[in-house]
Number of protein chains: 4
Amino acid sequence: MTAVETFTSARGTPLSKRGERTRRRLLDAAEKVFSELGYYEASIVKITEAAAVSQGTFYIYFESKQQIFDELVADLNRRVRHAMHEASAQGASRAESERLGFAAFFRFTAEHPALYRIIRQAEFVSPAALHDHYAKIAEGYIAGLRQAMAAGDIVTADPEVLAWALMGVGELIGMRWILWDGAEPRQVPEEVFEEMYAFITRGLGTSGGIRDSSSG
Amino acid sequence: MTAVETFTSARGTPLSKRGERTRRRLLDAAEKVFSELGYYEASIVKITEAAAVSQGTFYIYFESKQQIFDELVADLNRRVRHAMHEASAQGASRAESERLGFAAFFRFTAEHPALYRIIRQAEFVSPAALHDHYAKIAEGYIAGLRQAMAAGDIVTADPEVLAWALMGVGELIGMRWILWDGAEPRQVPEEVFEEMYAFITRGLGTSGGIRDSSSG
Amino acid sequence: MTAVETFTSARGTPLSKRGERTRRRLLDAAEKVFSELGYYEASIVKITEAAAVSQGTFYIYFESKQQIFDELVADLNRRVRHAMHEASAQGASRAESERLGFAAFFRFTAEHPALYRIIRQAEFVSPAALHDHYAKIAEGYIAGLRQAMAAGDIVTADPEVLAWALMGVGELIGMRWILWDGAEPRQVPEEVFEEMYAFITRGLGTSGGIRDSSSG
Amino acid sequence: MTAVETFTSARGTPLSKRGERTRRRLLDAAEKVFSELGYYEASIVKITEAAAVSQGTFYIYFESKQQIFDELVADLNRRVRHAMHEASAQGASRAESERLGFAAFFRFTAEHPALYRIIRQAEFVSPAALHDHYAKIAEGYIAGLRQAMAAGDIVTADPEVLAWALMGVGELIGMRWILWDGAEPRQVPEEVFEEMYAFITRGLGTSGGIRDSSSG
DNA sequence: AATGAATGAGCTTTCATTCAT
DNA sequence: AATGAATGAAAGCTCATTCAT
């Protein structure tokens, strides 16, 4: 997982320093173009233009539009999950972890709303990738919830159902207040966060009270 | 809202009986084609072929591919909401209404998974349409929740936040257990529904007990 | 074989008068372009330019470059064989038929050198088509040779081998003196024709003498 | 003709031992790739991959795709003619030489059918190369035929016409029974060879008998 | 001598849309 | 009201060739 990553061309040959830089440029350009235009309106021409390389160059590094998209989604998955994981690891109790994780998720979405749109688009372009994305996030939740149940911190219930319910709450609240609400700074308003959090807390039957912490 | 609908051509002129039939045929064909292929893979040729009319005919009734898609989404939105509304109207208490509404939503998704995917695709094809879709469902929820609060059936809280949270729960649970779980019959398993429902009930602080069932 | 031919679009639908004209224009343009540039150097753009229609129009009538090429080859086959058949049918004896057939073949090649190049190109583009071409010509020869053998006009031998040998002779003589010798008028010089013809006559062991007739 | 060949780079500078090896590797790779795919489907990438060198290296040794193809055709031509010459030199009489030459030609075609297809493809890729190919073979024939005529072994006739007629016979018989007849072992069946040979013998008015065999 | 990244023109094909009939 | 031929822009992709290292 943390082995040194070796980048290769579309043909599988390893890349030189220069090649690696070009590949990076293409990925960055793709991120920009996909998030602005969506997968279908994006095109190789637009991506290569944004990367300031010729069209042919694209195919040195990626096999197709699909492939670069998949790679991008995988990368973003990693980043969202990382952000959430880092944050919730700071929590002393399950309740706090929950709160911090949500806040991190919202923060990521707020900071990279375009990126988050890419992930959502995967539903149609690369369903397997999206499946993976949610499944991986769910995994983390489930483990946490199970522990909390064992510790008697929350109700005893099927952690998988709870995990997906929680993700759903985050998803739509984020969509409504971050993605759609153009208001700057992009963030879930304090009160909304608190209301949502209260709902979740009740839903999980969290015992001990919780306080503090940054919202989103 | 329930005024007699008058169908018009793309130019706005009213339609003859025959014209209305052709228009209907095109809409049905579009529903079929969009649900099977998605917006981008669908094409006017395929739609007109499925409707057994010529390409030119399409533009007598619709201005563009976008327009027929929007119309379709609006139509589907009407149908989902109708199903949910009908169902929850049967409920004696807010809790029961909630339960029945959810079940209806899941049932719709289960019966027309492809259609539901169309709605989700609107996020990229016609963001406004998706916005509308959720906003309208939220409206219904909000009204219901407000009443329940007034009656002291649930906690007092911002009904808008609750509404979006509830939609999120339904959304992801449906995605996970209906859209992704290929198992027939497509439906949210009884236990999953109950677990979810318990979560929601707690979250809403619903007092009185609940009865009945018919999940989805 | 002589049933009324119905032209159809690439999709298989029948064509209007106008459509038929466009299709014809494309076929003519293709003949010109393929013969001047060869299959690989030819392109849809060049063909549609020569036909003065847009690129998209091409695909209304033909599925691909291959398909229009195949159609063209089949058409040319028909024409060469027709010319040869008509001519040799005038012969009173097998010897005369042979002579007239050859002359017709050379005449066709001389008049449409470009077309003949197309047929030869089929060897690589559409081997089956070329196979067919020669096989069909061979058939005609074989039948004629068999009759001549029965009548005692020529030696008794395997007519298939003879047929291919004869085709070979015509092929390379034509290539050498018509296709390569730019001299106008394009035709196999009288003396060459006679020398070749004498060779063949001896080879077939033709009894009765032959005289007269146009060469190429 | 048999002067020591000096290999040079595309620029004309002479090659080192190592350079010569690389050049050879490229030629071998090209032979393989061209024969498997034909000129147009072949690509420099595929050739350099097969030769296990980088794309850039190709252009150190050859000016273009065309050039390496021409060189290859010339090489193959040399090899076919060599095979035919060697064989016919064994013949005691012209008749025998003829027979052996044909057999050798068929044998070469049978052993390297793909290579022979390359030569034929030259007609469109590099007409001059094909012209040369046949012209050189014809030369050999003509010289032989002239001698035979002088010796009274065959009829007196224009040797050039006879030469091309003979090549034609070999060409199409080879095409029909070796190139197209997939049957293994690839070879012209004994009887076919004999029939063809009888035809030629008669055509040349060969006096003296013939013996031996070894067809193709 | 060798590399391999970069180029850009060109290819085949699709498709939303227009328009004469 | 309906047709279907025509358009032309744009798409994804390939490839011979050049050049800095």
Side-chain angles (χ1 to χ4, degrees), chain A residues 9-11 13-23 40-48 53-66, chain B residues 9 13 15-19 21-23 40-48 53-66, chain C residues 9-11 13-23 40-48 53-66, chain D residues 9 13 15-19 21-23 40-48 53-66:
Chain A
S9 74
R11 286 211 135 79
T13 58
L15 293 181
S16 70
K17 267 267 131 51
R18 188 186 178 196
E20 235 168 78
R21 223 178 311 128
T22 306
R23 197 186 129 94
Y40 288 99
E41 300 294 334
S43 74
I44 306 296
V45 197
K46 283 168 190 157
I47 293 172
T48 52
V53 299
S54 79
Q55 286 189 58
T57 300
F58 178 90
Y59 292 91
I60 296 175
Y61 299 96
F62 303 96
E63 271 166 24
S64 63
K65 193 178 160 184
Q66 259 280 4
Chain B
S9 74
T13 57
L15 293 182
S16 71
K17 267 267 132 51
R18 185 186 175 193
R21 238 188 349 258
T22 306
R23 196 186 130 94
Y40 289 98
E41 301 294 333
S43 74
I44 304 295
V45 201
K46 282 169 192 154
I47 292 173
T48 52
V53 299
S54 78
Q55 283 191 64
T57 301
F58 179 91
Y59 289 88
I60 297 174
Y61 298 97
F62 302 96
E63 269 165 25
S64 64
K65 191 180 169 186
Q66 262 276 7
Chain C
S9 74
R11 284 209 137 81
T13 58
L15 292 181
S16 71
K17 266 269 131 52
R18 188 185 178 196
E20 235 168 79
R21 224 178 310 129
T22 306
R23 197 187 128 95
Y40 289 100
E41 300 294 332
S43 74
I44 306 296
V45 197
K46 283 168 190 157
I47 292 172
T48 52
V53 299
S54 79
Q55 285 190 57
T57 300
F58 178 91
Y59 291 91
I60 297 175
Y61 300 97
F62 302 96
E63 271 166 25
S64 64
K65 194 177 158 184
Q66 259 281 3
Chain D
S9 74
T13 57
L15 294 181
S16 71
K17 267 267 132 54
R18 184 186 175 196
R21 240 190 345 260
T22 306
R23 196 187 130 94
Y40 289 98
E41 301 294 332
S43 75
I44 304 295
V45 202
K46 282 169 192 153
I47 293 172
T48 53
V53 300
S54 78
Q55 282 189 65
T57 302
F58 179 90
Y59 289 88
I60 297 174
Y61 298 98
F62 302 96
E63 271 166 22
S64 64
K65 192 182 169 185
Q66 261 276 5

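The analysis underlying the following values was restricted to heavy atoms, covering all of them including side chains, and did not include hydrogens, waters or symmetry mates. Naming: A, B, ... by sequence-line order, numbering from 1 per chain.
- C:Q55 is not listed as a side-chain neighbour of C:I47, based on a closest heavy-atom distance of 4.5 Å or more.
- The listed nucleotides are F:dG12, E:dT13, F:dA5; the one nearest the side chain of A:Y59 is F:dG12.
- Using a 4.0 Å heavy-atom criterion, one finds that B:A42 contacts the sugar-phosphate atoms exclusively.
- A distance of 7.0 Å separates CG in A:L15 from CZ in A:R23, rounded to the nearest 0.5 Å.
- No engagement by D:G19 is indicated, since no non-hydrogen atom pair under 4.0 Å with the nucleic acid exists.
- In this structure, F:dA9 forms a base pair with E:dT14, meeting either the Watson-Crick or the G-U wobble geometry with both donor-acceptor distances under 3.5 Å.
- One can place CD1 of A:I60 at 14 Å from P of F:dA16, the figure rounded to the nearest angstrom.
- For B:S54, taking side-chain heavy atoms from C-beta onward, the closest of the listed nucleotides E:dA6, F:dG4, F:dC13 is F:dG4.
- Following rounding to the nearest Å, D:I44 (CD1) and E:dT3 (P) show an atom-to-atom distance of 15 Å.
- The backbone N or O of B:I44 sits less than 3.5 Å from a side-chain atom of B:T48, completing a donor-acceptor pair.
- Computed from coordinates, the A:Q66 CD to F:dG12 P distance equals 12 Å when rounded to whole Å.
- Atom C1' of nucleotide F:dA6 and atom CD of B:Q55 are separated by 11 Å, given to the nearest angstrom.
- Proximity note for D:K46 (side chain, C-beta onward) versus F:dT3, F:dA5, F:dC15: the nearest is F:dC15.
- Residue C:S64 has no polar side-chain atom (N or O) positioned under 4.0 Å from OP1 or OP2 of E:dT12.
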Evaluation steps, side chain to side chain contact (heavy atoms under 4.5 Å, CB included), between B:T57 and B:T22: CA-CA 9 Å; B:T57 301; B:T22 306; 3.9 Å; yes
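- Remark on DNA chain E: of its neighbouring residues A:S9 and C:E63, the 5'-side contact belongs to A:S9, judged by nearest-heavy-atom nucleotide.
- Side-chain atoms of B:R18 lie closest to F:dA2 of the nucleotides E:dA6, E:dA1, F:dA2.
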CA sep, side-chain torsions, deciding dist, call: C:Y61, C:E20, side chain to side chain contact (heavy atoms under 4.5 Å, CB included): CA-CA 9 Å; C:Y61 300 97; C:E20 235 168 79; over 6 Å; no
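- B:E41 has its CD atom 15 Å from the C1' atom of E:dA16, to the nearest Å.
- Side-chain N/O atoms of B:Y61 include one lying less than 4.0 angstrom from OP1 or OP2 on F:dA2.
- For A:T22 and E:dA6, the shortest distance from a side-chain N or O to OP1 or OP2 is below 4.0 Å.
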Side chain to side chain contact (heavy atoms under 4.5 Å, CB included) between B:F58 and B:V53, intermediate numbers included: CA-CA 8 Å; B:F58 179 91; B:V53 299; 5.8 Å; no
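- For the OP1/OP2 pair of F:dA11 and a distance below 4.0 Å, the side-chain nitrogens and oxygens of A:S43 include at least one atom meeting the criterion.
- Pair check for F:dA1 finds none; no Watson-Crick or G-U wobble contact set falls under 3.5 Å.
- Along DNA chain F, the nucleotide nearest C:V53 and the nucleotide nearest A:G56 are compared for position; the residue whose nucleotide lies closer to the 5' end is C:V53.
- In this structure, the NZ atom of C:K17 is 19 Å from the C1' atom of F:dA6, given to the nearest Å.
- Straight-line distance from the CG atom of A:L15 to the C1' atom of E:dT3: 14 Å, rounded to whole Å.
- Contact between the side-chain N/O atoms of C:T57 and the OP1/OP2 oxygens of F:dA5 is not found at any separation under 4.0 Å.
- Between the P atom of E:dT12 and the CZ atom of C:F58 lies a distance of 9 Å, rounded to the nearest Å.
- Comparing B:V45 and C:Y40 along DNA chain E, the residue whose closest nucleotide (by nearest heavy atom) sits nearer the 5' end is C:Y40.
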